[in-house]
Amino acid sequence: MKNFLINYYALIIVILFVIYNFILDELIIMGLLYKIIMLLLIVINIIILIIFRKKIKYKNMLIIYCLTSLFTKNIMQYLFALSNIIILCIIGFKENKFIKIFSIFFGIFITFCWLPLLFVLFIFFGINLDEEKYMNDIYEYSHNYCDNNYETYTYSAGATDKFHYSIGKYYDILNYNGIINIVYRDRNETTLKEYTKFIENNNCKLVGDVGGFK
């Protein structure tokens with residue numbers, strides 16, 4: 001069992017990464033404890049990859065991280081993906097021709113494009129390490145909590161995007177003074193007519209009025 005976990009470690013981790021960031025897209029974890037845990041996971045993951053580099057298979061899984069990193073939930077998940085890309089490039093450089101070619105082009109790209117990439121990261125994720133990217137586009141003045149665990153809000157990707165309207169479910173699973181916050185948020189886009197009608201016919205209050213924060 002131990003050898004199986006080591007041999008398929010890279011594959012197992014990328015599967016868990018995809019499940020959390022894409023299949024469990026509505027599950028949101030934030031807070032100081034989350035950031036600490038993620039930093040520990042990044043460090044531990046790097047140590048495991050380096051120590052067992054000769055036994056670990058499927059190092060070319062780094063391409064999955066590369067294709068999905070900008071679509072992860074927050075910067076902490078992006079940093080986890082980036083750390084995997086870098087370490088897998090290093091430990092797989094000599095044993096895999098694909099990784100060798102990828103590493104060269106990746107290194108050139110980072111060297112010359114790090115500043116535009118940093119700008120893109122701020123656009124996608126904002127400046128908070130654990131803030132979900134789907135929270136950055138919500139207009140605070142329109143964010144309401146309603147009866148039966150519904151929430152409504154207006155959102156937009158920016159000047160080039162139109163207004164969108166969402167009526168979705170919201171469950172506050174765990175909230176402990178900003179240390180750890182686990183919520184379920186289901187974004188469900190609807191029309192302006194349905195959005196306005198829902199707010200008028202349900203007991204909706206601005207999030208700031210309900211909990212004192214966004």
Side-chain angles (χ1 to χ4, degrees), residues 5 9-49 61-62 64-88 118 120-140 142-146 148-157 164 166-189 205-208 210-214:
L5 292 175
Y9 177 81
L11 181 60
I12 293 170
I13 293 300
V14 80
I15 290 174
L16 294 175
F17 175 81
V18 170
I19 289 174
Y20 175 68
N21 281 281
F22 301 101
I23 297 178
L24 299 178
D25 187 49
E26 295 86 2
L27 183 67
I28 299 172
I29 305 176
M30 298 179 289
L32 177 62
L33 183 59
Y34 168 74
K35 286 182 275 191
I36 293 173
I37 291 174
M38 281 306 304
L39 287 173
L40 287 174
L41 284 176
I42 290 171
V43 173
I44 293 171
N45 181 63
I46 290 173
I47 293 173
I48 291 174
L49 289 173
M61 285 292 103
L62 62 86
I64 303 297
Y65 293 112
C66 188
L67 293 173
T68 62
S69 58
L70 284 178
F71 303 99
T72 55
K73 291 184 176 182
N74 51 52
I75 290 183
M76 296 305 300
Q77 293 296 316
Y78 175 82
L79 292 176
F80 181 80
L82 182 62
S83 65
N84 271 284
I85 294 172
I86 294 172
I87 298 301
L88 290 172
L118 191 62
V120 170
L121 288 179
F122 283 135
I123 291 177
F124 269 70
F125 300 110
I127 59 175
N128 294 326
L129 291 177
D130 61 343
E131 186 175 19
E132 299 293 313
K133 62 181 179 181
Y134 294 125
M135 289 292 292
N136 293 327
D137 58 0
I138 294 177
Y139 288 95
E140 190 171 353
S142 70
H143 192 182
N144 297 282
Y145 285 157
C146 308
N148 300 316
N149 294 105
Y150 277 98
E151 69 171 352
T152 66
Y153 53 81
T154 304
Y155 64 98
S156 173
H164 303 273
S166 175
I167 302 173
K169 282 287 188 176
Y170 178 91
Y171 296 97
D172 202 346
I173 300 171
L174 178 63
N175 191 346
Y176 188 73
N177 295 329
I179 295 176
I180 185 70
N181 188 14
I182 303 176
V183 302
Y184 172 89
R185 167 172 279 117
D186 179 25
R187 172 171 288 185
N188 182 28
E189 185 172 356
K205 296 181 180 180
L206 285 173
V207 171
V210 175
F213 57 87
K214 180 179 175 182

Considering only heavy atoms from C-beta outward, does the side chain of Thr68 approach that of Tyr78 to under 4.5 Å?
no
Would you say Asp186 and Tyr171 make side-chain contact, with heavy atoms under 4.5 Å?
no
Please report the shortest heavy-atom distance between Tyr170 and Val183, naming the atom on each side.
OH-CG1, 3.4 Å
Taking atom OH of Tyr176 as the centre, does the number of heavy atoms from other residues, nucleotides or ligands within less than 6.0 Å exceed 12?
no
Pair Asn74, Tyr34: side-chain N/O donor-acceptor within cut-off below 3.5 Å:
yes
Between Arg187 and Tyr153, do the side chains contain an N or O donor and an N or O acceptor separated by less than 3.5 Å?
yes
When rounded to the nearest 0.5 angstrom, what distance separates CG in Leu11 from CG in Leu5?
11.5 Å
Test item: Ile28 and Ile182 side chains (from C-beta on) under 4.5 Å apart, heavy atoms:
no
Has the side chain of Thr72 got a donor or acceptor atom that lies under 3.5 Å from a matching backbone atom of Gln77?
no
With rounding to the nearest 0.5 Å, note down the distance linking CG in Asn188 to OG in Ser166.
6.0 Å
Separation between CD1 (Ile138) and OG1 (Thr154), nearest 0.5 Å, reads 9.5 Å
From Glu189 CD over to His164 NE2, what is the distance, rounded to the nearest 0.5 angstrom?
5.5 Å
Take a 6.0 Å sphere around CZ of Phe80 and say whether it holds more than 12 heavy atoms from other residues, nucleotides or ligands.
yes
Chi angles and distances behind the side-chain contact (heavy atoms from CB on, under 4.5 Å) call for Asn84, Leu62:
CA-CA 7 Å; Asn84 271 284; Leu62 62 86; over 6 Å; no
Looking only at heavy atoms, the pair that brings Ile46 and Ser83 closest together is CD1-CB, 4.2 Å
Contact summary for Met76 and Lys35, nearest pair of heavy atoms
CE-O, 3.7 Å
Taking Ile19's backbone N and O only, do any of them form a donor-acceptor pair with Asn21's side chain (distance below 3.5 Å, no angle check)?
no
Measure the CG-OH distance between Leu16 and Tyr20 for me, rounded to the nearest 0.5 Å.
12.5 Å
With a 4.5 Å limit on heavy-atom distance, are the side chains of Leu79 and Ile42 in contact?
yes
Can you name the nearest heavy-atom pair linking Phe17 to Ala81, along with the distance?
CZ-CB, 3.8 Å
Can you tell me if Lys73 uses its side chain to pair, donor with acceptor, with the backbone of Phe22 under 3.5 Å?
no
Between Val18 and Ile64, is any pair of side-chain heavy atoms under 4.5 Å apart?
yes
Please confirm whether Lys169 makes a cation-pi placement over Tyr184, using NZ or CZ under 6.0 Å from the six-membered ring centre and within 45° of the ring normal.
no
Closest non-hydrogen atom pair, Leu27 against Ile173
CD1-CD1, 4.1 Å
Show the nearest heavy-atom pair for residues Cys146 and Thr152, with the distance to one decimal.
SG-CG2, 4.0 Å
Walk me through it: do Leu49 and Leu88 pass the test side-chain contact (heavy atoms from CB on, under 4.5 Å)?
CA-CA 8 Å; Leu49 289 173; Leu88 290 172; 4.1 Å; yes
With side chains defined as the heavy atoms from C-beta onward, is the minimum distance between Tyr65 and Ile13 less than 4.5 Å?
yes
Is there side-chain contact between Ile180 and Leu174, with at least one heavy-atom pair below 4.5 Å?
yes
Do the side-chain N and O atoms of Tyr145 and Asp172 include a donor-acceptor pair separated by under 3.5 angstrom?
no
